[in-house]
Amino acid sequence: MSFLPAYRRVDPARTYYAFHGVWAYLSALTFTLNLVYQIKEVGLSPLQLVLVGTTMEIACFLFEIPTGIVADLCSRRLSVLIGFALIGVSFLLQGFVPAFFAILAAQVIWGLGYTFTSGADQAWITDELGEDNVGPIFVRSQQISLGAQIAGIVSAGAIGLVSLSLPMKVAGTGMILLALLLFVFMREQNFHPTPAAERDTFQQMADTFKHGLAVACDCGRIRATSYRPQKR
């Protein structure tokens, strides 16, 4: 650790607690009044609200494997930094541009950013501290996140009295600042690229789908051949 700059010798567990707490707080700050903002300020119809939610889910599904490759091959830390920065951009876009297509674009950016962080943060802390030491850290971080979420909900209610878009603007700015701080203080010493056989890829997903489809077809044929209509 001696070759690291002094500012990057922060205990990884404390770093993990800090960014999980901040992430939970800022997420609650944004999503508590998100639907209210989209209905009252942006004027989205029920159909448009459904399209917004569907766009987010599709984005998360499509980007999960490509973004996971970054964490597996390049760096867990880099994946987390990119993810938090993109999430911040999505929050700011929603807050500053109250229009349907801007909201849709924000969902795509949010889905992309979320998939960069999904699993990468747990993999990072596991790499840094070892599998035998992370159990209590996961429990403690969950406790911190729950407390931060409550604080975020209360803050959203208070800030929303000023403007419904203000919580998203504050959260977006906070997420980008969080990414910048992690760029400075977050260390990564024990990363090793994931072997090819253990990576999640589209080919593996396709193989899994084909295997499941084959099993389903086999079960269908067994049921069809075993079923005999009773004679009356």
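Remember, predicted model here, so these are calculated numbers, not experimental data.
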Handout entry: L112 CG to C60 SG distance, which is reported to the nearest 0.5 Å
Key = 9.5 Å
Handout entry: Heavy-atom side-chain proximity of W23 to M175 below 4.5 angstrom
Key = yes
Problem - Cluster check V36, V42: I/L/V/M/F/W/Y, side chain < 4.5 angstrom - result: yes
Practice task
Flag the pair Y37 / P167 as yes when at least one side-chain heavy-atom distance between them is below 4.5 Å, and no otherwise.
Solution key: no
Completion exercise
Q48 and G43 have their tightest heavy-atom pair at OE1-O, 4.0 Å
Exercise for the section: Apply the test side chain to side chain contact (heavy atoms under 4.5 Å, CB included) to residues D11 and T15: give CA-CA distance (whole Å), side-chain angles for both, the deciding distance (0.1 Å), then the verdict. Expected result: CA-CA 6 Å; D11 178 20; T15 303; over 6 Å; no
Exercise for the section: Report yes if some heavy atom in the side chain of E41 is under 4.5 Å from a heavy atom in the side chain of S165; otherwise report no. Expected result: no
Handout entry: A148 versus A24, closest heavy-atom pair with distance
Key = CB-CB, 4.0 Å
Completion exercise
Correct closest heavy-atom pair for L26 and F91 would be O-CE1, 4.4 Å
Practice task
May I have the step-by-step check of side chain to side chain donor-acceptor pair (under 3.5 Å) for D127 and H192, ending in yes or no?
Solution key: CA-CA 8 Å; D127 287 344; H192 301 286; over 6 Å; no
Problem - Other cluster members, V154 - Ile/Leu/Val/Met/Phe/Trp/Tyr, side-chain contacts below 4.5 Å - result: none
Handout entry: Gap separating the CZ atom of F19 from the OG atom of S141, nearest 0.5 angstrom
Key = 8.5 Å
Exercise for the section: Kindly indicate whether a cation-pi arrangement holds for K169 with F96, taking the cut-offs as under 6.0 Å to the six-membered ring centre and within 45° of the axis. Expected result: yes
Exercise for the section: Would you indicate whether the side-chain heavy atoms of F100 and L44 approach each other to under 4.5 Å? Expected result: yes
Handout entry: Side-chain donor-acceptor pair present, Y25, S145, cut-off under 3.5 Å
Key = no
Practice task
Using the rule that two of Ile, Leu, Val, Met, Phe, Trp, Tyr join whenever any of their side-chain heavy atoms come within less than 4.5 Å, decide whether V80 and L129 are in one cluster.
Solution key: yes
Exercise for the section: Return the set of residues passing ring pair (Phe, Tyr, Trp, His ring centres under 6.0 Å) with Y114 (not counting sequence neighbours), or none when no residue passes. Expected result: W110
Problem - Point-to-point distance, once rounded to the nearest 0.5 Å, from CD of Q122 to CD1 of I137 - result: 12.0 Å
Handout entry: F31 with V89, same ILVMFWY side-chain cluster at under 4.5 Å
Key = no
Problem - Closest approach of A28 to A156 (non-hydrogen atoms, all atoms of both residues) - result: O-CB, 4.2 Å
Exercise for the section: Give a yes or no answer on whether the side chain of N34 reaches the backbone of T30 with a donor-acceptor pair at less than 3.5 Å. Expected result: no
Handout entry: Any side-chain heavy-atom pair of M168 and L92 under 4.5 Å
Key = no
Exercise for the section: Check A85 against I176 and note the closest heavy-atom contact, atom names and distance. Expected result: O-CG1, 4.1 Å
Practice task
Please answer whether the main-chain N or O of I87 pairs with a side-chain N or O of S90 as donor and acceptor at a distance below 3.5 Å.
Solution key: yes
Problem - Residues which pass side chain to side chain contact (heavy atoms under 4.5 Å, CB included) with A99, listed by chain and number, not counting sequence neighbours - result: V97, A102
Handout entry: Any side-chain donor near an acceptor of the partner, R140 and Q142, under 3.5 Å
Key = no
Handout entry: Any donor-acceptor N/O pair, Q107 side chain to I103 backbone, under 3.5 Å
Key = yes
Practice task
Could you check if a side-chain atom of I58 sits within less than 4.5 angstrom of a side-chain atom of L62, using non-hydrogen atoms only?
Solution key: yes
Handout entry: Centroid separation F116 to F84 less than 6.0 Å
Key = no
Exercise for the section: Would you mind reporting whether R76 and T126 have side-chain heavy atoms less than 4.5 Å apart? Expected result: no
Problem - V108-M56 co-clustered via ILVMFWY side chain contacts under 4.5 Å - result: no
Fill in the blank from the handout: Interatomic distance, OG1@T54 vs CG@L47, rounded to 0.5 Å, equals 9.0 Å
Exercise for the section: Would you give the length of the straight line joining atom CZ of F183 to atom CG of L178, rounded to the nearest 0.5 angstrom? Expected result: 14.0 Å
Exercise for the section: Spell out, yes or no, whether L51 and F101 are grouped together once hydrophobic residues are joined by side-chain heavy atoms under 4.5 Å, including indirect joins. Expected result: yes
Practice task
Mind listing the closest non-hydrogen atom pair of D72 and F191 along with its distance?
Solution key: O-CZ, 3.6 Å
Exercise for the section: Before giving the answer on side chain to side chain contact (heavy atoms under 4.5 Å, CB included), spell out for I125 and D121 the whole-Å C-alpha distance, their side-chain angles and the decisive distance to 0.1 Å. Expected result: CA-CA 6 Å; I125 192 65; D121 54 342; over 6 Å; no
Fill in the blank from the handout: To the nearest 0.5 Å, atom CG of L81 lies from atom CG of L181 at 10.5 Å
Problem - Side chain R77, main chain M186, donor-acceptor under 3.5 Å - result: yes
Practice task
Would you check if S75 and E188 make a side-chain contact, meaning some heavy-atom pair closer than 4.5 Å?
Solution key: yes
